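Have a look at the structure below, then the notes.
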Amino acid sequence: MSSSTRRPQPKKSWDEAMKGFDFPGGYIPVDHKAESAKSSSKPSSVKNLFKPVAPANVRLTPAKPKPEKTRQTQAKMAATSTRKPLRYLATRSLLLACGLATLGNLPVYSMINTSKDGQVINLTDPLLDNNSPAQVIKDLNLPAVAVESFSGYAMDVLPDATQGNWSMRTIGADDSLATILGGLELTKTSQKLLEDSAIKQALNHLKTDSRLFTQVVDGSLQQLIYAKSKDETYIVSVTDDGYVGKWDTTALESRNAKIAFSVKHSIQRDGKSAGLSTSLIRQISQIFQKDVDFKKGVKVGDKVGVIFEDFVYQGESIYTDKVLAAEYTTSKQTYQRIRFTLAEGRTDYFRPDGDTELKRPAFDRKPLTDGRLSSGFGMRNHPVFFLRKNHAGTDFAAPRGTPIHATADGTVKVMERQGGYGNLVELRHDGNITTRYGHMSAFNEDFKPGSAVKRGEIIGYVGSTGTSTGNHVHYEFRVNGEPQNPMAVEIPQVGIMSADEMQAFKNRASAMVQELADLRKLATQPLQSMPSG
């Protein structure tokens with residue numbers, strides 16, 4: 001046989017062909033005959049699907065065996081097969097936990113033992129009566145409206161009390177909401193307020209001497225507080241839908257506040273720095289105008305103490321009113337004044353140091369608030385008769401219609417037209433004293449002969465009736481019928497207070513003087529202020 005002729009090679013089995021190849025985990029010979037016999041009687045098992053199959057037309061190159069690596073791979077497979085049971089247990093446990101959690105949300109019928117005979121009752125039993133200890137359902141009394149704040153309103157209803165400007169008006173006998181708001185140029189606001197029936201009922205009749213506070217922001221009314229009494233306050237606030245109102249007993253607080261300071265520059269500048277309003281500074285100047293020259297007499301180091309009425313709303317001071325007591329101390333002297341209202345209704349500031357200070361002249365020197373002394377008492381050349389005659393009174397020139405006031409308490413003796421006096425009013429006073437008021441243009445028709453007149457009341461109006469050359473009032477002061485010079489005569493003194501008023505004033509003054517003394521110590525520092533009860 002030629003060397004070029006190739007002899008046929010004996011066929012090798014698959015197992016023999018696979019020997020020497022490196023398979024992961026090693027190669028496992030398969031008994032094909034046995035498998036063939038099995039496949040003829042039974043379907044192929046799943047295991048046969050994983051037998052390695054040699055790809056067609058692929059030549060396999062034998063590799064050298066690596067016994068060490070094979071042993072390592074077998075060890076890893078053994079460890080992997082050991083971990084499989086643990087992973088299985090973990091996943092199954094997780095599924096079981098989820099299932100139990102789901103079942104926990106399902107309603108479960110529970111039972112309890114009652115205190116009566118150990119009876120077992122289902123909590124979900126629909127036949128339970130209201131007396132059953134297993135009844136667990138209760139009706140809750142929930143509010144139907146928003147929770148209210150300390151002032152009686154929902155927190156978002158009340159506007160900010162620190163915005164805009166607050167003003168206060170003491171209600172007079174003829175005042176109404178319309179007239180008060182009209183004076184503030186808020187006429188349209190009053191119409192809107194009264195559209196609410198509840199607000200209209202509360203504010204339709206305002207009590208005399210009560211107080212009405214208004215807060216105006218950018219020309220619009222934000223809040224209105226009607227302080228009917230100390231414990232009755234009606235508060236109106238603006239909302240998106242209009243105005244709402246409600247009675248309250250604690251929203252507005254009235255307190256006595258105290259401020260003391262030392263003068264470094266001026267009363268105005270240092271007072272404002274200390275916290276005093278312009279109104280309070282003006283009141284202090286008026287109270288001590290007879291004691292201190294506030295234009296030239298104020299010196300650095302002078303001390304001022306003041307106790308005043310302060311109104312607090314929503315925790316903020318919204319309005320400071322009248323001075324209740326005040327003190328001015330210089331290097332040489334201390335001046336004190338206490339506010340007190342007499343039974344007759346007149347309010348003034350009195351010195352607390354002695355009964356003599358609680359007296360006043362019984363007569364004013366002139367019957368006009370404003371007017372020019374045009375002719376004095378005594379001999380003069382008469383402007384009409386051109387004769388030298390005695391002038392029995394004093395003349396005060398003023399525009400026609402200027403009010404003429406009674407200079408003291410008395411009784412109307414004459415109210416008529418009388419010769420050269422023209423329209424004349426004559427008043428009778430204690431101590432056999434009479435006063436005359438001549439040349440009036442008109443009388444006050446509220447009075448007639450026999451009427452009682454109080455000091456300061458209007459009895460007529462300036463004119464030029466009778467023997468007169470111009471508008472003026474002729475005023476006479478007579479004692480036992482004899483004319484006296486009204487500008488020079490000794491004016492009798494009268495007690496300002498009754499015995500009961502005197503005692504009430506002394507009690508009030510004693511407390512105020514002690515507080516002023518405490519303030520004087522604080523005034524050694526530039527700025528001091530504190531509230532009082």
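Note: hydrogens, waters and symmetry copies are ignored here, and every other heavy atom, side chains too, is used. Just so it is clear, the structure is predicted and the values come from calculations on it, not from any experiment.
- The main-chain N or O of Asn507 is never found under 3.5 Å from a side-chain atom of Ser510 such that the two would form a donor-acceptor pair.
- Pairing each heavy atom of Gly466 with each of Arg417, the nearest pair is N-NH2, 3.8 Å.
- One finds the CG atom of Leu212 at 4.5 Å from the CG atom of Leu224 (value rounded to the nearest 0.5 Å).
- Using a 4.5 Å cut-off on side-chain heavy atoms (C-beta onward), Ser375 and His391 make contact.
- Taking CG from Asp518 and CZ from Arg520, the interatomic distance works out to 9.0 Å, rounded to the nearest 0.5 Å.
- The CD1 atom of Ile404 sits 7.0 Å away from atom OG of Ser441, with the distance rounded to the nearest 0.5 Å.
- Side-chain atoms of Asp160 and Thr162 include a donor-acceptor pair closer than 3.5 Å.
- Of the possible polar contacts, one joining the Tyr226 side chain to the Lys207 backbone as a donor-acceptor pair under 3.5 Å is found.
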Please tabulate, for side-chain N and O atoms in residues 453-463, each donor-acceptor pair with protein atoms closer than 3.5 Å (sequence neighbours left out).
unit_1: Arg455; atom_1: NE; unit_2: Asp364; atom_2: OD1; d: 3.3
unit_1: Arg455; atom_1: NH1; unit_2: Pro361; atom_2: O; d: 2.8
unit_1: Arg455; atom_1: NH2; unit_2: Pro361; atom_2: O; d: 3.3
unit_1: Arg455; atom_1: NH2; unit_2: Asp364; atom_2: OD1; d: 2.7
unit_1: Glu457; atom_1: OE1; unit_2: Lys454; atom_2: N; d: 2.7

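- Side-chain contact between His405 and Thr369: present, with at least one pair of heavy atoms (C-beta onward) separated by less than 4.5 Å.
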So Ile338 and Lys506, side chain to side chain contact (heavy atoms under 4.5 Å, CB included) or not? Walk me through it. CA-CA 10 Å; Ile338 311 297; Lys506 286 185 175 181; over 6 Å; no
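- Side-chain polar atoms of Asp310 and Ser317 form a donor-acceptor pair below 3.5 angstrom.
- Shortest non-hydrogen contact noted between Tyr234 and Leu203 is CD2-CD2, 4.0 Å.
- No donor-acceptor pair closer than 3.5 Å links the side chain of Thr233 to the backbone N or O of Ala227.
- Side-chain contact check for Thr434 and His429: no donor-acceptor pair (N or O, by modelled atom type) lies under 3.5 Å.
- Looking at Glu309 and Arg211, a side-chain N of the basic residue comes within less than 4.0 Å of a carboxylate O on the acidic one, giving a salt bridge.
- In this structure a side-chain-to-backbone donor-acceptor pair under 3.5 Å is present from Glu501 to Ala343.
- For an aromatic pair to be called close, the ring centres must be under 6.0 Å apart, and Tyr437 with Tyr475 satisfies this.
- Checked by atom type and distance alone, the side chain of Ser237 never pairs as donor or acceptor with a backbone atom of Val244 at under 3.5 Å.
- Under the 4.5 Å side-chain criterion, counting only non-hydrogen atoms from C-beta, Asn423 is in contact with Phe443.
- Under a 3.5 Å cut-off, the side chain of Asp270 and the backbone N or O of Lys264 do form a donor-acceptor pair.
- Tyr313 contributes no side-chain N or O that, together with a main-chain N or O of Ile225, makes up a donor-acceptor pair within less than 3.5 Å.
- Without hydrogens or angle criteria, Ser273 side chain to Arg269 main chain gives a donor-acceptor distance under 3.5 Å.
- Annotation: Lys192, atom NZ; neighbour count of heavy atoms from other residues, nucleotides and ligands within 6.0 Å does not exceed 12.
- Of all the heavy atoms in Ile259 and Ala274, the pair that sits closest is CD1-O, 3.6 Å.
- A donor-acceptor pair is defined here as one N or O able to donate and one able to accept, closer than 3.5 Å; no such pair exists between the side chain of Arg428 and the backbone of Val414.
- In terms of modelled atom types and a separation under 3.5 Å, the side chain of Arg360 and the main chain of Val494 share no donor-acceptor contact.
- Heavy-atom contacts from other residues, nucleotides or ligands closer than 6.0 Å to CG of Asn204 number more than 12.
- Among all heavy-atom pairs drawn from Ile284 and Phe294, the shortest one is O-CZ, 4.1 Å.
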As a quick check of understanding, evaluate side-chain hydrogen bond (donor to acceptor under 3.5 Å, both in side chains) for Gln418 and Glu416, giving each step before the final call. CA-CA 6 Å; Gln418 192 177 104; Glu416 62 184 15; 3.0 Å; yes
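- Between Leu206 and Ile180, the closest side-chain pair of non-hydrogen atoms falls below 4.5 Å.
- Within the 4.5 Å cutoff, the side chain of Asp175 has heavy atoms near those of the Arg169 side chain.
- Ring orientation note: the planes of Tyr328 and Phe288 are tilted relative to one another, at an angle of 30° to 60°.
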Evaluate the criterion side-chain hydrogen bond (donor to acceptor under 3.5 Å, both in side chains) for residue pair Glu327 and Gln336; output intermediate values, then yes/no. CA-CA 4 Å; Glu327 177 181 275; Gln336 293 178 332; 2.7 Å; yes
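- Contact check for Gln223 versus Leu221: no side-chain heavy atoms found under the 4.5 Å cut-off.
- For Tyr421 and His474, the distance between ring centers is under 6.0 angstrom.
- Pro486 and Phe477 make their closest contact through CG-CB, 4.0 Å (heavy atoms, listed as atom of the first residue, atom of the second, distance).
- The nearest pair of heavy atoms linking Ser374 to Ala397 is OG-N, 3.8 Å.
- Ion pairing between a basic and an acidic side chain is recognised when a charged N comes within 4.0 Å of a carboxylate O; Glu253 and Arg255 show no such pairing.
- Counting heavy atoms from C-beta on, the side chains of Phe311 and Thr320 never come closer than 4.5 Å.
- Considering only heavy atoms from C-beta on, Leu373 stays 4.5 Å or farther from Asp395 through its side chain.
- The distance from atom CG of Leu324 to atom CZ of Arg337, rounded to the nearest 0.5 Å, is 16.0 Å.
- The pair Asp348-Arg346 meets the salt-bridge criterion, since a charged nitrogen lies less than 4.0 angstrom from a carboxylate oxygen.
- Between His472 and His439, the angle of the ring planes lies from 30° to 60°, which puts this pair in the tilted group.
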Could you go step by step and tell me if Tyr349 and Gln286 meet the side-chain hydrogen bond (donor to acceptor under 3.5 Å, both in side chains) rule? CA-CA 10 Å; Tyr349 290 89; Gln286 293 173 347; over 6 Å; no
Test side chain to side chain contact (heavy atoms under 4.5 Å, CB included) on Arg436 and Arg478 and set out the steps. CA-CA 8 Å; Arg436 291 184 174 186; Arg478 295 180 174 230; 3.6 Å; yes
